[in-house]
Amino acid sequence: MQLSDLLQSQLATLPTNPGVYLMHDAAGTILYVGKAINLRNRVRSYFREDKGHSPKVRMLVRQVDHLETISTDTEVEALVLENTLIKQHKPYFNILLKDDKTYPWLKLTTNEAYPRLIITRKRLHDGARYFGPYPDTGAMYATMRLIKQLFPLRQRPKPQFKDRPCLNYAIGRCLGPCQGLVSPEEYRQVVDKVIAFLEGRHKDLLRDLKAQMAEASEALDFERAAKARDAIQAITRLMEDQKVVAEKESDQDVLGIALDEVSVALQLFEVREGKLLGRKAFMLDRNGFEAAEILSAFLSQYYAGTDRLPKEILLAEPVADAEVVASWLSARRGSKVLLTVPQRGDKLKLLEMVTYNAQQALEQERLKRWAAVERGPQKALSELAAALGLDELPRRIEGYDIAHVQGSDTVASMVVFVDGAPAKSEYRRFKIKSVEGVDDFASMREVIRRRFKHLAGGDREEASWPMPDLVLIDGGKGQLASALESLDELGVEVPIFGLAKQFEEIYLPGRRDPIRLSKRSAALHLIQRVRDEAHRFANTFHGKLRGKRMTRSALDDVPGIGEKRKLHLLKTLGSVEAMRAMSVEELAERGSLPAKVAAELYQRLHPAMTAPLDARRS
């Protein structure tokens, strides 16, 4: 690995304390911002060739020209600074949440003597309290209307009249602070109720309102009692409308994640007092990141911009810096915040529900990408031809993928797209015959050889399968090189490229550096769909073969069990796994088998064991 003189000198003099590091390219652009408890150990680890880095890290390191470090006293301070710098510089190799500044917030102006509640799209550090953001503006306006009905906050930024209160005071929608008709202490009680309402602490609010209603009734202040009663009824209706998803005392945020090669869907469910108060959805570009990295980045970026911190956050996977993040969240909340990866029980069921919602959102995003291609296939094909340097539009595209589990039942798929749409009648699938064990390169050589052998030296117009205009190989340089070997052996020339999953990089024959299309490119969406379809078709075929093999190896070759008896056993006993849990006697009785056949079946189901002695004697 070639490092610049400046970079080598910087690596030699790195400090050992906590802090933040910024990686720059030769032009000075910030490529990546990270944090570390020991800057020297963390930064140097990127440049050790024996570390087994991910493709994302290898690509990053190749572009780094020099470093910048900022020391901090603690790792928590480093976490806060890292988040600030990521938002400020938006480095390419960092995970970036989509900016939510377009979503509105409810702002309670607690920096004023008599606070009021307003809607804003900018969150400032001005001492006010912010609630949100609200992706569902309809829900936000409904909340705003209900608060105005229940709590008589100041409505106007300035008094309408100098010597008398406005109409809001007359109809009970304001306490008249502009005319000194309410003390700051009394007004603060109303503000506290609004905060409790917006934070979802409805039980506390109901308890206080019931006490007020009882007190007002005893004092024969029936008007004040009626207002408290109306507020109780409105809040009770709201609580009934909210879905109960957890235990009554639950105060949790539940974070579900789903990802494919291109995108990441995140769903955040806010649960307060066991009720679902709100849901937020985020769609990100994956850029080669794994789920744990994405979750860690989300925690630091999202919770830096909200005051609605729960007691517990449920996660699908543990994050590497969980202790640091939990310590920072706890400091922000003022009490302990737990990061939990549930393994069983109600918390796991709740996480599964949120994850399912994330998967649905991801599927909708994929369908949008595909629909955009189908609406304008000409544009996608033109962009693809230009990117790959093709003389003509690739009207027929064939995509190839390999599927197996640890080298068993290896299969390959061929999918066909004509004019940007799948031609499913022309799909083909292959059982790999010449390869043993895990060898995707050899498997790719075989399937390409078998697909194109009928074209070698023959008339392509008379071939049984039409000649493709473009071939897509699922994989990077290795898979592409394997496919090219077979084409060269056959003497077949066809435009071909590989699509690597990590960064959606396009590899072309004879070209060292990959091509990277814009993530909004119609051409990229088209080849992603071809790749995804090849992957799906290969996995479906592999699953069928594996299922047949598992069933056949247990039942098909057992003496005394023919096709009819096998069907009877599966129908009566349910599955091979169910039979494996039975004794010889149970197999004989429940499966209507002769004792000798039952004993033989038992042995086949338990190859490491010997059938019981009494069964063999029978």
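Nothing here was measured: the structure is a model prediction, and the numbers come from that model. For this chain, numbers begin at 1 and follow the sequence in order.
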Practice task
Applying ring-ring contact (aromatic ring centres under 6.0 Å, His included), run through Tyr92 and Tyr32 and close with a yes or a no.
Solution key: CA-CA 7 Å; Tyr92 179 81; Tyr32 183 76; over 10 Å; no

Exercise for the section: Please answer whether the main-chain N or O of Gly476 pairs with a side-chain N or O of Gln479 as donor and acceptor at a distance below 3.5 Å. Expected result: yes

Handout entry: Gln10 side-chain N/O to Leu67 backbone N/O, donor-acceptor pair under 3.5 Å
Key = yes

Handout entry: Sidechain-backbone polar pair: Thr572 side chain, Leu569 backbone, donor-acceptor under 3.5 Å
Key = no

Exercise for the section: Identify, with sequence neighbours excluded, every residue that meets side chain to side chain contact (heavy atoms under 4.5 Å, CB included) alongside Ala385. Expected result: Leu390, Leu393, Pro394

Handout entry: Minimum heavy-atom distance between Ala361 and Ala265, given as atom pair plus value
Key = CB-CB, 4.3 Å

Completion exercise
What one should report as the nearest heavy-atom pair of Leu295 and Leu255 is CD2-CD2, 3.5 Å

Problem - Any donor-acceptor pair under 3.5 Å from Ser482 side chain to Gly478 backbone - result: yes

Practice task
State, to 0.1 Å, how close Ala598 and Leu587 come at their nearest heavy-atom pair, and which atoms those are.
Solution key: O-CD1, 4.0 Å

Handout entry: Close side-chain approach of Met23 to Phe93, heavy-atom, < 4.5 Å
Key = no

Exercise for the section: Ignoring hydrogens and angles, tell me if any N or O in the side chain of Gln301 forms a donor-acceptor pair with the backbone of Ile95 under 3.5 Å. Expected result: yes

Practice task
Could you tell me whether Arg395 atom CZ has more than 12 heavy atoms of other residues or ligands within 6.0 Å of it?
Solution key: no

Exercise for the section: Using a 4.5 Å cut-off on heavy atoms from C-beta on, say whether the side chain of Leu470 contacts that of Ile496. Expected result: no

Problem - Close side-chain approach of Leu268 and Val254, heavy atoms under 4.5 Å - result: no

Exercise for the section: Answer yes or no: is there an ion pair linking Lys596 with Glu600, defined by an N-O contact shorter than 4.0 Å? Expected result: no

Practice task
Verify, without hydrogens or angle tests, whether Ser382 (side chain) and Gln378 (backbone) share a donor-acceptor contact under 3.5 angstrom.
Solution key: yes

Problem - By ring-ring contact (aromatic ring centres under 6.0 Å, His included) - contacts of Tyr427 (at least two apart) - result: Phe537

Problem - Centroid separation Phe430 to Phe541 less than 6.0 Å - result: no

Handout entry: Backbone N/O of Val341 and side chain of Gln343: donor-acceptor pair under 3.5 Å
Key = yes

Practice task
Give a yes or no answer on whether the side chain of His535 reaches the backbone of Arg531 with a donor-acceptor pair at less than 3.5 Å.
Solution key: no

Handout entry: Pairing residues for Phe497 by the ring-ring contact (aromatic ring centres under 6.0 Å, His included) criterion, not counting sequence neighbours
Key = none

Fill in the blank from the handout: Closest non-hydrogen atoms of Val597 and Gly560, given as atom of the first, atom of the second and distance, are CG2-CA, 4.1 Å

Practice task
Can you establish whether the number of heavy atoms outside Glu392 located under 6.0 Å from its atom CD is more than 12?
Solution key: no

Exercise for the section: Please tell me if the side chains of Arg429 and Val411 come closer than 4.5 Å, counting only heavy atoms from C-beta onward. Expected result: no

Practice task
Could you check Arg450 against Glu446 for salt bridge (Lys or Arg N to Asp or Glu O under 4.0 Å), going step by step and ending with a plain yes or no?
Solution key: CA-CA 6 Å; Arg450 289 168 59 185; Glu446 177 184 322; 2.8 Å; yes

Practice task
Mark yes or no for whether Glu426, through its side chain, and Val416, through its backbone, hold a donor-acceptor pair below 3.5 Å.
Solution key: no

Problem - Short N-O contact, Glu398 and Arg396, less than 4.0 angstrom - result: yes

Problem - Over all atoms of both residues, closest heavy-atom pair of Leu490 and Arg449 - result: CD1-O, 3.7 Å

Problem - Asp401/Arg536 salt bridge by N-O under 4.0 Å criterion - result: no

Handout entry: Member of Arg42, Arg48, Arg44 meeting the side-chain hydrogen bond (donor to acceptor under 3.5 Å, both in side chains) criterion with Tyr46
Key = Arg42

Problem - Note, Leu480 side chain near Pro509 side chain (heavy atom, < 4.5 Å) - result: yes

Practice task
Using a 4.5 Å cut-off on heavy atoms from C-beta on, say whether the side chain of Met579 contacts that of Tyr602.
Solution key: no

Practice task
Compare all side-chain heavy atoms of Thr355 with those of Ile257 and state whether any distance is below 4.5 angstrom.
Solution key: no

Exercise for the section: Evaluate the side-chain proximity of Pro91 to Asn94: yes if any heavy-atom separation is below 4.5 Å, no if none is. Expected result: yes

Problem - Donor-acceptor pair, side chain of Ser486 and main chain of Ala483, under 3.5 angstrom - result: no

Exercise for the section: First locate atom CE of Met444, then atom CD1 of Ile432, and finally report the distance between them rounded to the nearest 0.5 Å. Expected result: 8.5 Å

Handout entry: Whether over 12 other heavy atoms sit under 6.0 Å from Lys87 NZ
Key = yes

